[in-house]
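Here is the structure we will look at.
All chains are named by letter (A, B, ...) in the order of the sequence lines, taking the proteins before the strands, and each is independently numbered beginning at 1.
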There are 2 protein chains.
Amino acid sequence: MPRELPEYHQRVADQNRAAILAAAEALFLDGGYDRTSLARVAENAGVSKATLFKQFPTKASLFEATVLAVGRAPDGVVAAPPPGDLHAGLMALGREYATVLTRPGTAELIRLVIAEAPRFAELRERTFDFGTLPALAALGRYLRAERDAGLVTVDSPETSAAQFLGMIASAVFWPRLVHAGWSIDEEETHRAIEEAVRTMVARLAHTSATPRSGGVGSRGRP
Amino acid sequence: MPRELPEYHQRVADQNRAAILAAAEALFLDGGYDRTSLARVAENAGVSKATLFKQFPTKASLFEATVLAVGRAPDGVVAAPPPGDLHAGLMALGREYATVLTRPGTAELIRLVIAEAPRFAELRERTFDFGTLPALAALGRYLRAERDAGLVTVDSPETSAAQFLGMIASAVFWPRLVHAGWSIDEEETHRAIEEAVRTMVARLAHTSATPRSGGVGSRGRP
DNA sequence: CAGGAGGTGAGTCAAGCGTCTCGCCTCTGT
DNA sequence: ACAGAGGCGAGACGCTTGACTCACCTCCTG
């Protein structure tokens with residue numbers, strides 16, 4: 001009995017799987033986990049419930065696959081600007097971070113992850129990287145480069161990076177989660193980033209009186 | 001006019017209402033909105049389902065009443081330290097803020113509000129004040145006092161306050177929401193606050209080159 | 001002792017997750 | 001090239017759970 005590879009079926013299955021994931025993404029992001037019925041997912045995907053259950057044996061598995069697929073999608077790595085101009089470099093990285101945070105769907109995704117994190121262990125491990133971890137890494141690399149170039153005094157690049165991103169996120173992102181319909185216009189976003197840059201520049205240009213360099217806020221993965 | 005005062009019935013009703021709210025608080029904070037069944041709320045409260053529905057005609061009304069009752073409970077206003085020592089003042093306020101954020105139940109409450117904010121308009125309006133708005137107000141008052149005393153140069157107390165609290169919250173609170181079981185020990189919390197204080201001191205001591213003073217991050221209420 | 005307000009327990013109805021069988025489409029042996 | 005077979009997809013089904021009600025009972029007030 002040859003275990004032949006029916007390529008056609010595989011192709012159709014992949015197509016359906018993609019359709020299911022797309023429909024599930026829209027519905028999960030809109031209504032949350034419990035409010036989303038599998039019948040509606042199948043209907044919006046244009047497939048039947050049996051097909052759905054062939055691909056994802058349980059609702060939880062569909063949910064995890066959906067969230068991971070959405071989280072994997074965005075940009076992989078952020079390019080660090082060349083050192084030499086601290087203000088310009090921080091502005092560029094801050095802008096990029098704010099762009100990721102205010103992208104449509106980001107707030108809904110994070111809301112979903114926060115809501116269901118206690119129930120899904122698999123998610124807790126892998127989801128912080130979505131927007132913050134790459135930005136944190138890029139910012140750390142950039143600050144290290146500036147320091148190696150002898151242009152700034154930074155005790156712990158990780159701590160400074162966490163502070164910088166924290167200031168931006170608190171201004172442009174977190175209120176959106178609590179207030180739902182909240183939004184901030186382009187000019188206010190720009191001003192928030194600029195103020196964060198000013199504060200960081202003040203800190204990094206200031207001569208360091210720190211006795212030791214301790215890392216904090218970079219514990220994205222235990 | 002039969003505006004009689006049957007005090008006994010009222011008393012029993014209030015007692016049951018309090019028991020229901022306590023049970024609902026525990027269950028909602030633990031399992032979220034949809035995972036909490038009213039039968040279990042009634043059971044844990046020691047009353048019958050019919051009694052529950054006499055007090056709260058619908059599940060949504062019980063939920064809103066529960067969240068608002070929990071949110072109203074904490075400390076009302078934060079006392080601002082006296083001006084004179086910027087480092088000490090910021091440390092005190094930062095510590096107090098971190099204490100509120102890491103208090104047991106705060107993370108669960110915020111998680112619940114974030115998860116259900118799109119569905120409950122009443123909540124969206126009144127819940128940001130829980131921990132951040134009082135701290136923001138106290139910090140703004142404190143920075144203004146320091147400025148009036150001529151000890152620091154601060155363009156916008158609101159912006160600086162938002163930055164300071166944002167740095168702390170990003171280090172000690174938000175990871176807890178995404179990672180669920182996440183926790184940070186006392187020493188790391190202290191170091192994060194201290195680093196935030198250093199950064200703010202560097203910014204506020206630095207001579208201001210800001211052309212105009214714009215407020216950002218203080219839009220807690222439209 | 002009568003009236004009535006509130007609590008109680010047994011329901012009702014709907015919705016949704018997870019199967020089960022039938023019909024259709026594609027692939028292989030001659 | 002054609003017929004049979006195997007697997008996939010579609011729609012109906014069961015069973016549980018959970019948000020809400022109705023006839024009675026208990027206990028206080030006047």
ask   = Is a salt bridge present between Arg144(B) and Glu158(B), judged by a nitrogen-to-oxygen distance below 4.0 Å?
value =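 A salt bridge is present here (some side-chain N lies under 4.0 Å from a carboxylate O).
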
Handout entry: Presence of salt bridge, Glu195(B) and Arg191(B), under 4.0 angstrom
Key =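 No, no charged N to carboxylate O under 4.0 Å.
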
Original post:
Which residue pairs pass the ring-ring contact (aromatic ring centres under 6.0 Å, His included) test with at least one member in residues 94-120 of chain A, sequence neighbours excluded?
Top reply: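 Applying ring-ring contact (aromatic ring centres under 6.0 Å, His included) to every pair that reaches into residues 94-120 of chain A, excluding sequence neighbours, yields Tyr33(A)-Phe120(A), Phe63(A)-Phe120(A).
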
Taking only residues two or more places apart in sequence or in another chain, which ones pass side-chain contact (heavy atoms from CB on, under 4.5 Å) with Thr99(B)?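 Counting only residues at least two positions away or on another chain, Thr99(B) forms no side-chain contact (heavy atoms from CB on, under 4.5 Å).
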
- Query: Is the shortest side-chain N/O distance from Asn16(B) to OP1 or OP2 of dG6(C) below 4.0 Å?
  - Reply: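 No, because none of the side-chain N or O atoms of Asn16(B) sits under 4.0 Å from OP1 or OP2 of dG6(C).
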
Take atom [atom1] of [X] and atom [atom2] of [N], then tell me their distance rounded to the nearest Å.
X	N	atom1	atom2	answer
Asp14(B)	dA5(C)	CG	P	17 Å
Glu43(A)	dG9(D)	CD	C1'	16 Å
Arg40(A)	dG18(C)	CZ	P	18 Å
Arg11(B)	dT29(D)	CZ	C1'	17 Å

**Item:** Test ring pair (Phe, Tyr, Trp, His ring centres under 6.0 Å) applied to Phe53(B) - qualifying residues, sequence neighbours left out
**Value:**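 Not a single residue meets the ring pair (Phe, Tyr, Trp, His ring centres under 6.0 Å) criterion with Phe53(B).
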
Test salt bridge (charged side-chain N to carboxylate O under 4.0 Å, His left out) applied to Glu194(A) - qualifying residues, sequence neighbours left out: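 Glu194(A) satisfies salt bridge (charged side-chain N to carboxylate O under 4.0 Å, His left out) with Arg198(A) only.
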
(Q) With heavy-atom distances below 4.5 Å as the criterion, would you say the side chains of Glu146(A) and Val154(A) are in contact? (A)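 No, every pair of side-chain atoms sits at 4.5 Å or beyond.
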
Practice prompt. First locate atom CG of Leu139(B), then atom OG of Ser160(B), and finally report the distance between them rounded to the nearest 0.5 Å.
Written response: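 Separation between the atoms: 8.5 Å.
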
Checklist entry - Between residues 49-64 of chain A and DNA chain D, which residues have a heavy-atom gap below 4.0 Å? => result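 Here the set is Lys49(A), Ala50(A), Thr51(A).
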
At a heavy-atom distance below 4.0 Å, what parts of residues 30-37 of chain B sit against DNA chain D?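 The stretch gives Thr36(B), Ser37(B) as the residues lying under 4.0 Å from the strand, ordered by number.
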
